[in-house]
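Here is the structure we will look at.
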Amino acid sequence: MMNNIVRREVIPLLSDEDIVRARKIVRDWTISLKFSLVDQTKLVTAVSELARNTVEHGGGGSALLEMLDDSIRRGIRLTFEDQGPGIANIDQAMTDGYSSRGSLGLGLGGTKRLVNEFDLSSEPGKGTRVTIARWK
Amino acid sequence: MNDTFASKIPALLAKYETDLLEEWIKAQLDATTLRKDLLSSADLRRSSDEFLSLLRRAATTGNLLNLNAPEWLPVKDFLAGVSRSRASQGFTPSETATFIFSFKQPLFTRLQEECGSDSRALAEELWIATTLLDRLGLFTAETFLSSREDIIKQQQLEMLELSTPVVTLWNGILALPLIGTLDSSRTQVVMENLLQTIVETGSEYAIIDITGVPTVDTLVAQHLLKTVSAARLMGAQCIISGIRPQIAQTMVHLGVAFGDVITKASLADALSYAFKQMGITVLRKQN
Amino acid sequence: MEKIPIIKMGDFLLVSIQVDMHDRLAMALQDDLTIRVAKERSKGVLIDISSLDVVDSFIGRMLDNIAAMTRALGTETVVVGMQPAVAITIVELGLSLENIYTALNVDKGMALLEARMKASVDENDE
């Protein structure tokens, strides 16, 4: 199925304020696509989790926002990228409750449950890229 | 096709607007797909007239093939409106598309007269006219289908809400009597509805009664348990009542743990539990 | 620096979170609140989150930490007014908020705190 990209935007993720801004922009996009309130909240929460990972663990990076239209349904795709230390053990990072710092953040498993598509690739020393999508 | 070819269609539409309108209306009235039961001839005349004048205005720009250009917006808006209203009135897709396709004949006849013996010009004109009307016709069919889908979705939602009402049993106690088979999407809608009602009414107790539910699969059981957890986070208690023996057995086999969820055999037991928690006692009047 | 206001209401402290908090602001609230609880010898803390449309793991953990810290100081914390969509998302995310009490609104939260105060007085009397 062809994914048409209707709109795109890049959000830099370097500070606390950028995380808030990412939440706000994604909320506006979900409203414009008429997502239900629960679906809006799930995607915005997932964005908040991943944006924080990019800022805190990845040492900053960016999120690419894309509005998709495959002619049957519409959705939002986000790609979070950083050049940080990367994740050595991806399976472990996906486990609920796991956090590399022990105190902050939650395993990525919970975030994955909030979206329809989730893809994680990471190379130790090179960085991390997480792509998520949620369809209406 | 030659891009520089200047079509006579715009001029033709302007010159013969009234004649074309009459011939087109006649063609529509003669068509076997006409729904006299749904559409009066006055309405048919009004929409045909409006479409023709919008088509004429859009065509004056000379662009007859790129319908994404801004000048075609009024035409598409009008057709979308027609398709939507016909979809909700109960027309079929072909009956709706015939509105546009039936304009071919009067237009082709005029083109033939206009081009005379110049068969190359006629071929060009017919090609443009067909392409244009086909695109407009397909557009009506597409809007028709998407409006039908919207109607169906809306009706499904309404039926879901009708079939599972959240009722107030007592000030502060809600009940959700579930009846029939639960699928994952129905459970989700119903549960969101319950949580919303908890907030709106400020009810601290909600009884989910599943006496009328024949089977529960893992996914539905998980939705139920998630609802109980979500209600607790909001500050309300859910009580699940009416779990039938077979369902209890399935749950255990599926490995679904009810944990610390409050369960009661019947709705009555659940209500008396909520009363007790709220400090309410029911007494028989002594004579 | 911007701050979330903490209002004293008799024996209780009330915090109403109205803005989308960034992480430093949330941490500041955690510090301010524990200091105020100790200083005022408050009997209870109410945190109204009815205006919050997102509670992610960071904010969730902050709320849970506040509850645990105030409990260590002998005070209970009640989080009130969580929106259904937020509650559903927290459950899906798998976040457990073990230390917090919850109530539907400020009135019910206050009633809950009063009931708990009474219960603990009764226990001490025995």
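Residue numbers start from 1 in every chain, and the chains themselves are labelled A, B, ... in the order their sequence lines are given, proteins ahead of strands. No hydrogens, no waters, no symmetry mates; every other heavy atom, side chains included, goes into these values.
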- Proximal component of B:Ile198, with respect to chain C [non-hydrogen, under 4.5 Å]: both

- Message: For C:Met9, is the CE atom crowded, meaning more than 12 foreign heavy atoms sit under 6.0 Å from it?
- Response: no

- Query: Do you know which two heavy atoms are closest between C:Leu104 and B:Gly235, and how far apart they sit?
  - Reply: CG-O, 3.9 Å

- Query: Taking the side chain as C-beta and beyond, is there a heavy-atom pair between C:Pro84 and B:Glu192 under 4.5 Å?
  - Reply: no

- Exercise: identify the closest heavy-atom pair between B:Lys226 and C:Glu92: NZ-OE2, 2.9 Å

- Task: Give the minimum heavy-atom separation between C:Ala87 and B:Ala230, together with the two atoms involved.
- Result: CB-O, 3.5 Å

- Heavy atoms from other residues, nucleotides or ligands near CG of B:Asn66 exceed 12 (cutoff 6.0 Å): yes

- Contact winner vs chain C - B:Met191, B:Glu204, B:Gln196, heavy-atom pairs under 4.5 Å: B:Glu204

- Item | Residue pairs passing the ring-ring contact (aromatic ring centres under 6.0 Å, His included) test where at least one lies in residues 83-122 of chain C, sequence neighbours excluded | none

- Message: So which residue, C:Asn105, C:Val91, C:Val79, ends up with the most heavy-atom pairs under 4.5 Å with chain B?
- Response: C:Val91

- Where on B:Ser203 is there a heavy atom nearer than 4.5 Å to chain C: the side chain, the backbone, both, or neither? backbone

- Message: So, taking the atom named CG in C:Leu95 and the one named OG in B:Ser229, what distance separates them when rounded to the nearest 0.5 Å?
- Response: 12.0 Å

- Minimum heavy-atom distance B:Arg232-C:Thr102, with the two atoms named: O-OG1, 2.5 Å

- The interface call for C:Ile88 against chain B, heavy-atom contacts under 4.5 Å, is both

